[in-house]
Amino acid sequence: MPPPPPPLGRGRRRAAQAFDEALDDADLMAARTALVQGRWQNARSLLVHTGDDWDRRGHRVTVLARESSCAAWAREWLLAEPESADAAVLLALAQVRRALHGKAKPVRAREACQAAAARAPADPTPWLGLLMLECAVGGDQDVVRTFEAVRGRYADHHHAHHLMVARLAARRTEAGPDPLHEVYDFANWAAEQAPADSPLAILPVIAHAERYRVLAAAGHEPADPAASGHWTGRRARQVMKAAFDWWLEWEQEGHPRRLIDLNFLAHAKYCEGRGAEAAALFHRIGRHATPAPWSYPDRDPNTAFAAARAGALGTA
């Protein structure tokens, strides 16, 4: 099974610079700024206060690790506090990011993740880093084994489920549109297994978008999602309605990655032609747009988001 196509092309990387992966986490933004300036103590305090809120911890470590200087400062932190599990996991995910960008060998990133996991056996975050790596360069068994390691520590891990959906969506591209594709089965299973208030209820919408990305890139669907039947079929309507109804009931304002879900759901509702429902979601999103799914397939996400938002809100 080949890895999924990269989510951003060269032009789209430039466009994505306008998006902030920290989303609306002001404490994370402050710690990131300090880390870039070499003050790792702010990141230390942030992770201490995050505790075992695993989705929030994964989000914060992942965003911090994306900074180019993170690996160097995490090593300095480890020199000062050799037993720090937080420093080890930050270094591990920084090494994963370097490996994914061809700046480090995958084996070194795997070793760093395993070392971090040994320091904090209950923490799914080192395994999240390893899952990011295996989804890009590993085989099927490596991906499944690592995903199960995450779930064994936190069954409802948001980011890990998104990674698995993207990986599975890339399977059997040659089959074209297939309402019985395995990515839909996985997303439905995960949503059913999760508690009623879990944002994994939105996962079938994520699966629908990720499969569209793959099909459009292969020429099986139009490049304009609004012109694609992928978003207006019976199965699609059922998935979108269930996800929107869940959002109306639960919303989960405090979840650290909720704005990613809201962007996917707003995109789906807009493509479905449900302008009023999309408008409600755009109001909640505010300025916190995310590159995916507005960049699918190979579109400028800033332009796509702005056009959809204006269309839904009647300001075009």
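Please read all numbers here as calculations on a predicted model, not as lab measurements.
Here the closest non-hydrogen pair linking Ala191 and Leu200 is CB-O, 3.5 Å. The minimum heavy-atom distance linking Asn263 with His288 is given by the pair ND2-O, 3.1 Å. When all heavy atoms are compared, the tightest approach of Arg153 to Pro121 is NE-O, 2.8 Å. The minimum heavy-atom distance linking Cys271 with Pro225 is given by the pair SG-CB, 3.6 Å. Residue Ala170 comes nearest to Val214 through the heavy atom pair CA-CG2, 3.8 Å, listed as atom of the first residue, atom of the second, then distance. Closest non-hydrogen pair, Ala243 versus Ile202, comes out as O-CD1, 3.7 Å.
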Full working for side chain to side chain contact (heavy atoms under 4.5 Å, CB included) between Leu130 and Val96: CA-CA 7 Å; Leu130 190 57; Val96 168; over 6 Å; no
Assess whether side chain to side chain contact (heavy atoms under 4.5 Å, CB included) is satisfied between His59 and Arg57, documenting all intermediate values. CA-CA 5 Å; His59 173 62; Arg57 179 175 173 83; over 6 Å; no
Criterion side chain to side chain contact (heavy atoms under 4.5 Å, CB included) on Phe305 and Ile285, from CA distance to verdict: CA-CA 11 Å; Phe305 175 82; Ile285 291 167; 4.1 Å; yes
Check the pair Arg284, Glu251 against salt bridge (Lys or Arg N to Asp or Glu O under 4.0 Å), reporting the backbone distance first and the verdict last. CA-CA 10 Å; Arg284 283 291 188 274; Glu251 190 162 351; 2.5 Å; yes
Residues Trp231, Arg274; criterion side chain to side chain contact (heavy atoms under 4.5 Å, CB included); working and verdict: CA-CA 11 Å; Trp231 299 96; Arg274 309 282 294 189; over 6 Å; no
Residue pair Asp86, Arg44: steps toward the salt bridge (Lys or Arg N to Asp or Glu O under 4.0 Å) verdict: CA-CA 7 Å; Asp86 289 343; Arg44 179 187 185 279; over 6 Å; no
Under the salt bridge (Lys or Arg N to Asp or Glu O under 4.0 Å) criterion, do Arg32 and Asp20 qualify, and how do the steps go? CA-CA 11 Å; Arg32 180 182 58 188; Asp20 190 345; 2.8 Å; yes
Apply salt bridge (Lys or Arg N to Asp or Glu O under 4.0 Å) to residues Glu148 and Arg145 and explain how you reach the verdict. CA-CA 5 Å; Glu148 288 302 325; Arg145 182 169 56 248; over 6 Å; no
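Relative to the ring axis of Tyr184, Arg235 places its NZ or CZ within 45° and under 6.0 Å from the centre.
Two residues are said to be in side-chain contact when any heavy atoms from C-beta on lie closer than 4.5 Å; Leu128 and Trp54 fail this criterion. Within the 4.5 Å cutoff, the side chain of Leu163 has no heavy atoms near those of the Phe147 side chain. For the pair Met240 and His208, the minimum side-chain heavy-atom distance is below 4.5 Å. The closest side-chain heavy-atom distance from Phe19 to Asn302 is below 4.5 Å. Contact annotation: the side chain of Arg75 never approaches that of Leu79 to less than 4.5 Å [non-hydrogen atoms, C-beta and beyond]. You'll find the side chain of Pro177 stays beyond 4.5 Å of the side chain of His230, heavy atoms only. The shortest distance between side-chain heavy atoms of Trp40 and Cys70 does not fall below 4.5 Å. Contact check for Leu23 versus Ile260: side-chain heavy atoms found under the 4.5 Å cut-off.
In this structure, a donor-acceptor pair under 3.5 Å is absent between the side chains of Gln41 and Arg39. Counted by atom type alone, Arg257 and His158 present one or more donor-acceptor pairs between their side chains at under 3.5 Å. Side-chain atoms of Glu134 and Thr146 form no donor-acceptor pair, as typed in the model, at a separation below 3.5 Å. One side chain, Asp123 or Thr125, offers a donor N or O that lies under 3.5 Å from an acceptor on the other. For the 3.5 Å distance criterion, the side chains of Tyr270 and Glu277 fail to qualify, holding no donor opposite an acceptor. Residues His255 and Asp55 bring a donor and an acceptor atom of their side chains to less than 3.5 Å of each other.
Looking at Ser295, its side chain does come within 3.5 Å of a backbone N or O of Pro291 through a donor-acceptor pair. Remark: side-chain polar atoms of Gln252 are paired, donor with acceptor, to backbone N or O of Asp197 under 3.5 angstrom. In this structure a side-chain-to-backbone donor-acceptor pair under 3.5 Å is missing from His101 to Lys103. Side chain of Trp250 to main chain of Asp245: no donor-acceptor pair is present (N/O by atom type, distance under 3.5 Å, no hydrogens or angles). Remark: side-chain polar atoms of His220 are paired, donor with acceptor, to backbone N or O of Thr173 under 3.5 angstrom. Listed for the Arg299 side chain is a donor-acceptor partner under 3.5 Å among the backbone atoms of Tyr296.
A single hydrophobic cluster is seen to contain both Phe282 and Phe244, as judged by linkage of ILVMFWY side chains at heavy-atom distances under 4.5 Å, directly or through other members. Tyr154 and Val144 fall into different hydrophobic clusters, where Ile, Leu, Val, Met, Phe, Trp and Tyr are joined by side-chain heavy atoms under 4.5 Å apart, directly or via other members. By the rule that hydrophobic residues join a cluster once side-chain heavy atoms approach within less than 4.5 Å of another member, Val143 and Met132 end up as members of one cluster. Residues Trp247 and Val165 share a single hydrophobic cluster, defined by chaining ILVMFWY side chains whose heavy atoms lie under 4.5 Å apart. Under the 4.5 Å side-chain heavy-atom criterion for grouping Ile, Leu, Val, Met, Phe, Trp and Tyr, Val61 is not connected to Leu259 through any hydrophobic cluster.
To the nearest 0.5 Å, the span separating CZ on Arg60 from NE2 on His49 amounts to 10.0 Å. Considering CG of Asp27 and CG of Leu46, their distance stands at 6.5 Å, rounded to 0.5 Å. Taken to the nearest 0.5 Å, the CZ atom of Arg151 stands 15.5 Å off from the CH2 atom of Trp127. Note that OG1 of Thr290 is 6.5 Å distant from CZ of Phe264, once rounded to the nearest 0.5 Å. Atoms CZ and CG, from Arg56 and Leu28 in turn, are 10.0 Å apart once rounded to the nearest 0.5 Å. Note that CZ of Arg98 and CZ of Arg108 are 11.0 Å apart. Values are rounded to the nearest 0.5 Å.
Glu272 has a carboxylate O that lies under 4.0 Å from a charged side-chain N of Lys269, or vice versa, which qualifies the two as a salt bridge. Using a 4.0 Å cut-off between charged nitrogen and carboxylate oxygen, Arg258 and Asp261 do not count as a salt-bridge pair. A salt bridge between Glu182 and Arg171 is present, with a side-chain N of the basic residue lying under 4.0 Å from a carboxylate O of the acidic one. One finds a salt bridge joining Asp140 and Arg167 here, because a Lys/Arg side-chain nitrogen approaches an Asp/Glu carboxylate oxygen to under 4.0 Å.
Using the six-membered ring where Trp is involved, Trp189 and Phe186 have ring planes that are tilted, between 30° and 60° apart.
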